[in-house]
Enquirer: 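Here it is, the structure, as structure tokens.
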Amino acid sequence: MHFYSIENKRFVIAQNNKQNGIIEKIVSLSKRKGFVFQSSEIYGGLNGCWDYGPLGVELLNNIKSEWWKFMTYKDDVEGLDASILMHPRVWEASGHVENFTDPMIDCKVCKARFRLDTLAEFIGDKKKEKILRHFLQDLKEKKSKSTVFAEGIIFSGDDLNEKFTSLLENDELAPELLKEISCPQCGSKESFTKPKSFNLMFKTFLGPVEKEGNTIYLRPETAQGIFVNFLNVQSASRQKLPFGIAQIGKAFRNEINTKNFLFRTREFEQMEMQYFVRPSDDKKWYDEWKEKRMGWYLSLGIAQDKLRFHDHPPNKLAHYAKEATDIEYRFPFGWGEIEGIHNRTDFDLSRHEEYSGKSQKYYDEELKEKYIPYIIETSAGASRSFMAFLVNAYHEEEVNGETRVVLKLHPKLAPIKVAILPLVNKDGMPEVAKKIEADLRPFLKVFYDSKGAVGRRYRRQDEAGTPFCITVDTQTLQDNTVTVRERDSMEQERINIDELLNYLLNKLR
RNA sequence: GCGAGCGUAACUCAGUUGGUAGAGUGUCAGCUUCCCAAGCUGAAUGUCGCGGGUUCGAAUCCCGUCGCUCGCUCCA
């Protein structure tokens, strides 16, 4: 992806523009049919927040339910639903208070933006030395109080990049040093804005008094709720390693920019499973979960050529990870992460042991030793998966010269499983259809529609992704059979009404 | 956060040099209809994203703001 020629890049952009029409169509369909609405729409909307409508919540629930069954209906994974609000020390231990902040500067001339901690990488070494000399001389002339502190850094044994980073982390020194640095993109001097910090955690206050000491955070990931409950769950469920804890829940990140419909939002839902293993077994379980998770998407109908692993190169790994990969889906706007699989090592539990003072060690009866388990994390985005399933399902087909819009959702995920349609709204057909509806409703999400031409009703169900349409016709009144129309092939089969439920349940397995 | 574009009915959009809004689709009611958005009749729906300004008069011009899209940036 990194080495396009200009021609290629233009081609890719042109392709993207064409493809983005699909996202627009899906956003439009989502609103029209009730999958997704913009949050607080009548007030002008709220940036990066979306509401799931009647069909959307069914689809989302089905995705979560399939995940839950796949992940926890087994003897080595337990479920959990932890509180969104957690003790603030959790986020100190996790590193989010410290690391979830990125001080950044903009060049006022060319509008380029740089992360303060990586700015030095854009500058040549000789240039850096020159900058530091000027900088120190300047401080001395101004008799700055920070001169001694700055000298301490500059004459330390750190490499040049580290020196820069340390100096830039200091609120007093950073503006002075920035004066010496010209913009790596356009070369302008003294063109940088003041460093601005973005902590991506939402803050709120515990209790009625809004003061600093009462600050707590909306969780930026669900994982920590699992980590801090590791020993609770382990002892309550009498699990032995290896075992996992799974959780579905909302998480919040105050993103600088939201983007691409549901893809980057400020409030989103995660489906996470943390698998606790012997440190020596980490690679084995990491590989195993990689394959299992990829298999899950395939089993629910995502096209194989739209999925890939994106392994993180070692120098790009997060502070807690030993090995990491993303499962990416090929969205119309490009490849995007829908799930992350990480070897988090013993980082999290060690930190919680350190910050809480409570031992997080596990006694392995087989090995007769105590250790902090390693953790293999599978972290899927429910909202992102939702979008991937929706995009993947969207098809436009030519049928008799007309365009048919059909969501080819896996039947397990389809919001409505069966529509029941009397061919015409008279001659005793509605009565039979109503009876079928009543019989099926306790078992399946069904939809009854008797108005207008049957063709129109079929197409409406196609747009909603309903896999089966049952139609009551004249023959029904004679031999107790109905037609069952399959969404993708549009083919029909005659089934006896008494066998309908079994027939459908079978198809939906 | 910066830059560009956009915002008119549920959806897609039109709306002339400023004179308070239309189409198609959809929706609803009815007729027709024995199987794939057919046809006929009728109906409902808009403070033109929001706020302010200019003007006798603003969907239209200006300013601000909110939202969406794209690019940059970011995504521990």
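Convention: sequence-line order gives letters A, B, ...; per-chain numbering from 1. This is a predicted model, so every value here is computed, not measured.
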Enquirer: Could you tell me whether A:Gly34 contacts a base, only the sugar-phosphate backbone, or nothing, with contacts defined as non-hydrogen atoms closer than 4.0 Å?
Expert: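 If one applies the 4.0 Å heavy-atom cut-off, A:Gly34 turns out to touch nothing in the nucleic acid.
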Enquirer: Taking OP1 and OP2 of B:rA29, is either one under 4.0 Å from a side-chain nitrogen or oxygen of A:Lys451?
Expert: yes
Enquirer: Below 6.0 angstrom between ring centroids: does that apply to A:Phe263 and A:Phe333?
Expert: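 Yes, the ring centres sit under 6.0 Å apart.
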Enquirer: Nearest whole angstrom, please: distance from the P of B:rC28 to the CG of A:Asp449.
Expert: 8 Å
Enquirer: What I want to check is whether an N or O donor and acceptor connect the side chain of A:Gln492 with the base of B:rC35 at under 3.5 Å.
Expert: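 Present.
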Enquirer: Could you tell me whether A:Arg404 atom CZ has more than 12 heavy atoms of other residues or ligands within 6.0 Å of it?
Expert: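 Buried by this count: over 12 neighbours within 6.0 Å.
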Enquirer: So for atom NZ, which belongs to A:Lys445, do other residues, nucleotides or ligands contribute more than 12 heavy atoms lying within a distance under 6.0 Å?
Expert: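 Open.
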Enquirer: What integer number of Å spans the C1' atoms of B:rA9 and B:rG15?
Expert: 14 Å
Enquirer: Closer than 4.0 Å, any side-chain N/O of A:Asn260 to the OP1 or OP2 of B:rC70?
Expert: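 Yes.
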Enquirer: Do any side-chain nitrogens or oxygens of A:Arg456 fall under 4.0 Å of OP1 or OP2 in B:rG26?
Expert: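 Indeed, a polar side-chain atom of A:Arg456 lies that close.
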Enquirer: Considering only atom C1', compute the distance from B:rU8 to B:rU45 and round it to an integer number of Å.
Expert: 14 Å
Enquirer: Please give the distance between the P atoms of B:rC56 and B:rA14 as a whole number of Å.
Expert: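 Approximately 31 Å lies between the P atom of B:rC56 and that of B:rA14.
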Enquirer: State, with a plain yes or no, whether a side-chain heavy atom of A:Phe227 is found less than 4.5 Å away from one of A:Ile375.
Expert: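 Of all side-chain heavy-atom pairs linking A:Ile375 with A:Phe227, at least one is under 4.5 Å.
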Enquirer: Counting distance alone, no hydrogens or angles: does the base of B:rC50 have a donor or acceptor under 3.5 Å from a partner atom on the side chain of A:Tyr43?
Expert: no
Enquirer: Summarise how protein sits on nucleotides 6-14 of chain B as a single string, 5' to 3': B when a protein heavy atom is under 4.0 Å from the base, S for sugar-phosphate-only contact, - for no contact.
Expert: ----SSS--
Enquirer: Just to confirm, is there a sub-4.0 Å distance from OP1 or OP2 of B:rC68 to any side-chain nitrogen or oxygen of A:Asn47?
Expert: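 Yes, because at least one side-chain N or O of A:Asn47 sits under 4.0 Å from OP1 or OP2 of B:rC68.
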